[in-house]
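Below is one structure; the comments refer to it alone.
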Amino acid sequence: MSALSDPREAASFRFVRCGYADGVAELAYAFDDGPELIERIRFPDAPALPEARRGAFDAALRLLHFVAGISYYKAGVPPRIVVDGAAPDADTAELLDTLYLHGLAEFAYRNGLDLRERIAFPRDGAAPSPAVPLDLPRRTLVPIGGGKDSLVAIEAIKAVGGEATAVWVGNSPLIAHCAERTGLPMLNIGRELSSVLFDYNRMGAWNGHIPVTAVNSAILAVAAILYGFDGIAFANERSASAATLEYEGQEVNHQWSKGFDFECRLHDWLHRHVAADLDYFSLLRPFAELAVTRAFARLGGDYFDAFSSCNRNFRILGPKPADRWCGQCPKCHFVFLALAPFLPKPRLMGIFGRNLLDDESQRAGFDALMEYQDHKPFECVGEGAEARAAMYALSQRPEWREDALVARFADEILPQLDATELALEPWLDAADAHRIPSRLAGALDEIRGA
């Protein structure tokens, strides 16, 4: 084993091995013959694995090894991907090629890289036997992130009598606080990244955005088999499928692993390779962001003093609303704007501790949300047309129209737009495309407010 060297000079990235014992999954990687990067996933109070689920568990664990490797591969993006031992079958390699290419599109764009001819997983011609139903318990893992979306999904499942567990990966007091507020059973899975990765970063390795939702999805597929769940219900809305921008012929979507394309690919892969009765889906897929914020506003005040979508302040759980919202980032801007048409103004200002739309210094941030003289931010925010529709709705309301940024929208931006394309109502309709299982179909009516 050689000493630590710049991974950008490596000829290959290796998937060395993966294993599981006593509630801990260990995933090992390396650049060439350099030091191993070992990641550990900790599954608390892990039960004994039923023998009937052994094959499914091994398949899910192997997928996790491949998917989680994206955190390390990006440090060097070498020209060759190597799998020690058996290579993935063609179906799995195709999924991984697509995930790495599109999931790292923002990373590549920001670093001036072109990964289209570089990412190619090895393929083994042998196809595994088709997965069979495992008679998994009829209950759902619902990932919770501390924001509005997962809380809407949880309350909709509860309303139709579904059995669910709130689950999250990593240590976040804010998420734990929100999870407790739901009243559901909770599962907090630990993820320990290799310290070698941080050493590489200090050396100047490539760094940037990765598709975290894809990694968490793979972790939860392992958890579903281990603990016994037949559903993994994310809360990704249809707006997540919209690209942030296009660069040299390739769409770049910050939220690609939250989009419908990835959802369908992983859902189908799990049915073919892990368990025919394990459903992976998003309960909010038919809805745009504005429909989700309307549903969240209807929940009442149960979560208003606990939730936060602010990335800059995400790990801080303070006693005042201002402690949970920086008021400066794209997530704060979008959530404020998207909730404004559906909440009384004093209530919304109470959540954020201020009126973001009456602050001239926030102009550039809201312009980006509306895709006015800028592209949509690289954040999990709604479409530019949604933001324009929300701002237009506020410009028609007496309690908002005098605020600095709303008035400026009406005076400067609105004359350049077609007012017939700014209606709020179309964004509140549900689309038909989704992978929601029939047993939870009634939850859609709860979200619609029907």
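Residue indices begin at 1 and follow the sequence shown.
- Ion pairing of Arg181 with Asp302 is absent here, as no side-chain N (NZ or NE/NH1/NH2) approaches a carboxylate O to less than 4.0 Å.
- Asp97 and Arg123 are joined by a salt bridge, as a carboxylate oxygen and a charged side-chain nitrogen come within less than 4.0 angstrom of each other.
- The backbone N or O of Asp277 lies less than 3.5 Å from no partner atom in the side chain of Asp230, so there is not a single donor-acceptor pair.
- No salt bridge links Lys158 with Glu446; every basic N to acidic carboxylate O contact stays at or beyond 4.0 Å.
- A distance of 9.0 Å separates CZ of Phe31 from OG of Ser12, quoted to the nearest 0.5 Å.
- A distance of 6.0 Å or more separates the ring centres of Phe296 and Phe342.
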- Task: In sequence, state the C-alpha distance, the side-chain angles, and the governing distance for Glu192 and Arg42, and then conclude on salt bridge (Lys or Arg N to Asp or Glu O under 4.0 Å).
- Result: CA-CA 8 Å; Glu192 178 188 321; Arg42 302 184 187 278; 3.1 Å; yes
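- If you take CG on Leu220 and CG on Leu226, they are separated by 12.0 Å, rounding to the nearest 0.5 Å.
- Side-chain polar atoms of Thr293 and Arg298 form no donor-acceptor pair below 3.5 angstrom.
- Ser241 contributes a side-chain N or O that, together with a main-chain N or O of Phe260, makes up a donor-acceptor pair within less than 3.5 Å.
- A side-chain donor-acceptor contact under 3.5 Å links Arg8 to the backbone of Gly204.
- Take Asp199 and apply the side-chain contact (heavy atoms from CB on, under 4.5 Å) test, not counting sequence neighbours, and it matches Leu4, Arg202.
- Side chains of Leu440 and Val160 form a contact here, defined as non-hydrogen atoms less than 4.5 Å apart.
- Here Tyr29 pairs with Phe13, Phe15, His65, Tyr72 under the ring-ring contact (aromatic ring centres under 6.0 Å, His included) rule; sequence neighbours left out.
- Counting only distance, with no hydrogens or angles, the side chain of Lys258 and the backbone of Gln255 share no donor-acceptor pair below 3.5 Å.
- Side-chain atoms of Thr92 and Trp269 include a donor-acceptor pair closer than 3.5 Å.
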- Task: Decide yes or no on salt bridge (Lys or Arg N to Asp or Glu O under 4.0 Å) for Asp58 and Arg62, but give the supporting numbers first.
- Result: CA-CA 6 Å; Asp58 290 344; Arg62 195 154 190 252; over 6 Å; no
- Test log, rule ring pair (Phe, Tyr, Trp, His ring centres under 6.0 Å), inputs Phe107 and His209: CA-CA 5 Å; Phe107 158 83; His209 176 75; 9.5 Å; no
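- Defined by atom type and a distance below 3.5 Å, a donor-acceptor pair is missing between the side-chain atoms of Gln250 and Tyr109.
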- Test Asp279 against His271 for side-chain hydrogen bond (donor to acceptor under 3.5 Å, both in side chains), laying out the working first. CA-CA 8 Å; Asp279 290 323; His271 271 220; 2.9 Å; yes
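- Within 6.0 Å of the CZ atom in Arg80, the count of heavy atoms belonging to other residues, nucleotides or ligands does not exceed 12.
- Taking a cutoff of 4.0 Å between a charged side-chain nitrogen and a carboxylate oxygen, Arg238 and Glu263 do not qualify as a salt bridge.
- Here Glu26 pairs with Arg40 in a salt bridge; the nearest charged N to carboxylate O distance falls below 4.0 Å.
- For the pair Arg435 and Phe281, the NZ or CZ position fails the cation-pi test of under 6.0 Å to the six-membered ring centre and within 45 degrees of the ring normal.
- Judged by distance alone, with hydrogens and angles left aside, the side-chain atoms of Ser282 form a donor-acceptor pair with the main-chain N or O of Asn236 at under 3.5 Å.
- Using a 4.0 Å cut-off between a side-chain N of Lys or Arg and a carboxylate O of Asp or Glu, Glu39 and Arg191 qualify as a salt bridge.
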- Does the pair Arg324 and Asp305 meet the rule for a salt bridge (Lys or Arg N to Asp or Glu O under 4.0 Å), with working shown? CA-CA 9 Å; Arg324 291 178 290 113; Asp305 64 342; over 6 Å; no
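- Taking CG of Leu357 as the start and CG of Leu348 as the end, the distance is 8.0 Å to the nearest 0.5 Å.
- Taking CG of Leu283 as the start and CD1 of Ile154 as the end, the distance is 10.5 Å to the nearest 0.5 Å.
- The aromatic rings of Phe57 and Tyr20 lie perpendicular to each other, with more than 60° between the two planes, well past the 30° mark.
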- Step-by-step side-chain hydrogen bond (donor to acceptor under 3.5 Å, both in side chains) determination, Glu386 to Ser239: CA-CA 9 Å; Glu386 282 186 272; Ser239 305; 2.6 Å; yes
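- A donor-acceptor contact shorter than 3.5 Å is absent between the side chain of Asn188 and the backbone of Asn171.
- Side-chain contact of Asp91 with His273: a donor-acceptor pair under 3.5 Å is present, judged by distance alone.
- In Glu246, the CD atom is crowded: over 12 heavy atoms of neighbouring residues, nucleotides or ligands sit closer than 6.0 Å.
- With Tyr100 contributing its side chain and Ile70 its backbone, the two residues share a donor-acceptor pair below 3.5 Å.
- A donor-acceptor pair under 3.5 Å is absent between the side-chain atoms of Thr140 and the main chain of Val142, judged by distance alone.
- Comment: Glu237 does not engage Arg285 in a salt bridge, judged by the lack of any side-chain N to carboxylate O separation of less than 4.0 angstrom.
- Of the candidates Asp84, Asp32, Asp33, Arg14 forms a side chain to side chain donor-acceptor pair (under 3.5 Å) with just one, namely Asp84.
- Counting only distance, with no hydrogens or angles, the side chain of Arg272 and the backbone of Ala131 share no donor-acceptor pair below 3.5 Å.
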- Please test Ser257 against Arg265 for side-chain hydrogen bond (donor to acceptor under 3.5 Å, both in side chains), starting from the C-alpha separation and ending with a verdict. CA-CA 10 Å; Ser257 65; Arg265 289 173 185 272; over 6 Å; no
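- When the shell of 6.0 Å around CG of Asp114 is examined, it contains more than 12 heavy atoms from other residues, nucleotides or ligands.
- Rounded to the nearest 0.5 angstrom, Phe234 CZ and Leu141 CG are separated by 9.5 Å.
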